[in-house]
Enquirer: 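Pasting a structure below so you can have a look.
Numbers for residues simply follow the sequence, beginning at 1.
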Amino acid sequence: MKIYICTLKRSEERLAPLVDQISSMGINYELVYGIDGRSEEIVNYSDALNQDYFLGKYKRKLKSTEVACTLSHRKMLQRFVDSQELAAIFLEDDAFFVEDPSGVFNALVGLQYDMVVLGYPSRTRFESTYSKLMEPIYSKVLCSDAYKVGRSPQKKNFGLMAYYLSRDAALSLLNADKVWSVADDYDLISSQVSVLHIRPYLCFERRNVLSSINSTYRNDQSLHLFRRAASRLLRGFLAYVFLEMATRLGFEPGYKIKTRGMQ
């Protein structure tokens, strides 16, 4: 398997824990140096932008950091499609694996899925453990002894911190010749590829790391996180009960997405 990690040249300290973990697992990886939204370099990409879609949806212009993030992810995808791999995992440099992803990766390749979100920004290890209740999925397929893949009823359950992508899906996402929106625009991405989700999370976001964009630390704020986790656990449990009942009755609640890879 191959892992692509999007980082900045000035982020060696931020990147070190992830690289150490992947190296200890013996997994092949490649660093892709993204574009720094705070530098003048971003000006050179002005011709690659088409703001009409974004203006219509968000009623504002793209920020330079959003442009940089989008272009950086596209750079990773281009590196991937230029290779010989049929599928790969893509990470931002603050991601961290719960365990060795090799078994899950091989299972996903066999299932021939387009895209599987492996974890989300601003989630903790605790939330990863209880994600099946906090953010339940439906139309579930077992992809390993411990992990299931399925659809999410909530559009907000997204983000590009960690995701699996097939070659065909990467080609579809690169097909547009303009950067239309932010990197994690769910509506835009799900209109081109089938977006599925894994439970429990395979990755979570490391806390207390320096943000590459804002130069501020993300704190644990334990009390705030506990309250948020408790609230999400209760809401997620109610959603879990509803989804189980609905799917057993033959309904598929949530957002309509492409299902080319779903069996």
Enquirer: Quick one: are Val149 and Leu108 in side-chain contact, heavy atoms under 4.5 Å?
Expert: yes

Enquirer: Go through the steps for Arg167 and Leu77 under the test side-chain contact (heavy atoms from CB on, under 4.5 Å), then give the verdict.
Expert: CA-CA 9 Å; Arg167 182 182 182 84; Leu77 299 190; over 6 Å; no

Enquirer: Is Arg123 reaching over with its side chain to a backbone N or O of Pro121, donor-acceptor style, under 3.5 angstrom?
Expert: yes

Enquirer: If I compare all heavy atoms of Pro153 with all of Tyr138, which pair ends up nearest, and what's the gap?
Expert: N-CE2, 3.9 Å

Enquirer: For residues Tyr4 and Ile89, determine if any side-chain heavy atom of one lies less than 4.5 Å from a side-chain heavy atom of the other.
Expert: no

Enquirer: Within a reach of under 6.0 Å around CG of Asp145, are more than 12 heavy atoms found that belong to other residues, nucleotides or ligands?
Expert: no

Enquirer: Identify whether the distance between the nearest side-chain nitrogen and carboxylate oxygen of Arg14 and Glu92 falls below 4.0 Å.
Expert: no

Enquirer: Could you verify whether a donor N or O on one side chain and an acceptor N or O on the other, from Tyr163 and His73, lie under 3.5 Å apart?
Expert: yes

Enquirer: Could you tell me if the side chain of Leu18 sits less than 4.5 Å from the side chain of Arg206, heavy atoms only?
Expert: yes

Enquirer: Just checking Lys2: does its NZ atom have more than 12 heavy atoms from other residues, nucleotides or ligands closer to it than 6.0 angstrom?
Expert: yes

Enquirer: Kindly indicate, with the supporting measurements, whether the criterion ring-ring contact (aromatic ring centres under 6.0 Å, His included) is fulfilled by Tyr120 and Tyr201.
Expert: CA-CA 8 Å; Tyr120 310 103; Tyr201 307 152; 5.2 Å; yes

Enquirer: Donor-acceptor pair, Ser144 side chain versus Ala107 backbone, under 3.5 Å?
Expert: no

Enquirer: Between Thr70 and Ala183, what is the shortest heavy-atom contact and its length?
Expert: OG1-N, 2.9 Å

Enquirer: Main chain of Leu188, side chain of Ser191: is a donor-acceptor contact present, judged purely on distance under 3.5 Å?
Expert: yes

Enquirer: So which heavy atom on Ile5 is nearest to which on Tyr29, and how close?
Expert: CD1-CD1, 4.1 Å

Enquirer: In this structure, is the centre-to-centre distance between the rings of Tyr164 and Tyr113 below 6.0 Å?
Expert: no

Enquirer: Can you check whether Leu174 reaches Gln78 side chain to side chain, under 4.5 Å on heavy atoms?
Expert: yes

Enquirer: Decide whether Glu127 and Thr124 meet the rule of one side-chain donor and one side-chain acceptor closer than 3.5 Å.
Expert: yes

Enquirer: Between Ser131 (side chain only) and Met134 (backbone N and O only), is there a donor and an acceptor less than 3.5 Å apart?
Expert: no

Enquirer: For Lys57, what residues pass the salt bridge (Lys or Arg N to Asp or Glu O under 4.0 Å) criterion, not counting sequence neighbours?
Expert: Asp185, Asp187

Enquirer: For the pair Leu111 and Cys143, evaluate side-chain contact (heavy atoms from CB on, under 4.5 Å) and give the outcome as yes or no after the intermediate values.
Expert: CA-CA 8 Å; Leu111 291 168; Cys143 71; 3.9 Å; yes

Enquirer: Residues two or more places apart in sequence or in another chain: which of them pass salt bridge (Lys or Arg N to Asp or Glu O under 4.0 Å) with Arg79?
Expert: Glu30

Enquirer: Taking atom types as modelled, find out whether Ser194 and Asp114 have a side-chain donor-acceptor pair closer than 3.5 angstrom.
Expert: no

Enquirer: Answer yes if the ring centres of Phe80 and Phe90 are under 6.0 angstrom apart, and no otherwise.
Expert: yes

Enquirer: Show me the donor-acceptor pairs within less than 3.5 Å that the side chains of residues 95-105 make with the rest of the protein, sequence neighbours left out.
Expert:
| residue | atom | partner | partner atom | Å |
| --- | --- | --- | --- | --- |
| Glu99 | OE1 | Tyr147 | OH | 3.2 |
| Asp100 | OD1 | Ser102 | N | 2.9 |
| Asp100 | OD1 | Ser102 | OG | 2.7 |

Enquirer: Side chains of His197 and Val116: does their closest heavy-atom pair fall under 4.5 Å?
Expert: no

Enquirer: Is there side-chain contact between Leu86 and Val109, with heavy atoms separated by less than 4.5 Å?
Expert: no

Enquirer: Take Leu31 and Leu15, measure what side-chain contact (heavy atoms from CB on, under 4.5 Å) needs, and give me the verdict at the end.
Expert: CA-CA 10 Å; Leu31 299 181; Leu15 177 66; 3.7 Å; yes

Enquirer: Can Thr7 and Tyr33 be said to form a side-chain contact (heavy atoms from CB on, under 4.5 Å), step by step?
Expert: CA-CA 5 Å; Thr7 189; Tyr33 290 106; 3.9 Å; yes

Enquirer: So, does Ser72 use its side chain to make a donor-acceptor pair with the main chain of Gly34 at under 3.5 Å?
Expert: no

Enquirer: Is any side-chain heavy atom of Met161 closer than 4.5 Å to a side-chain heavy atom of Cys203?
Expert: yes

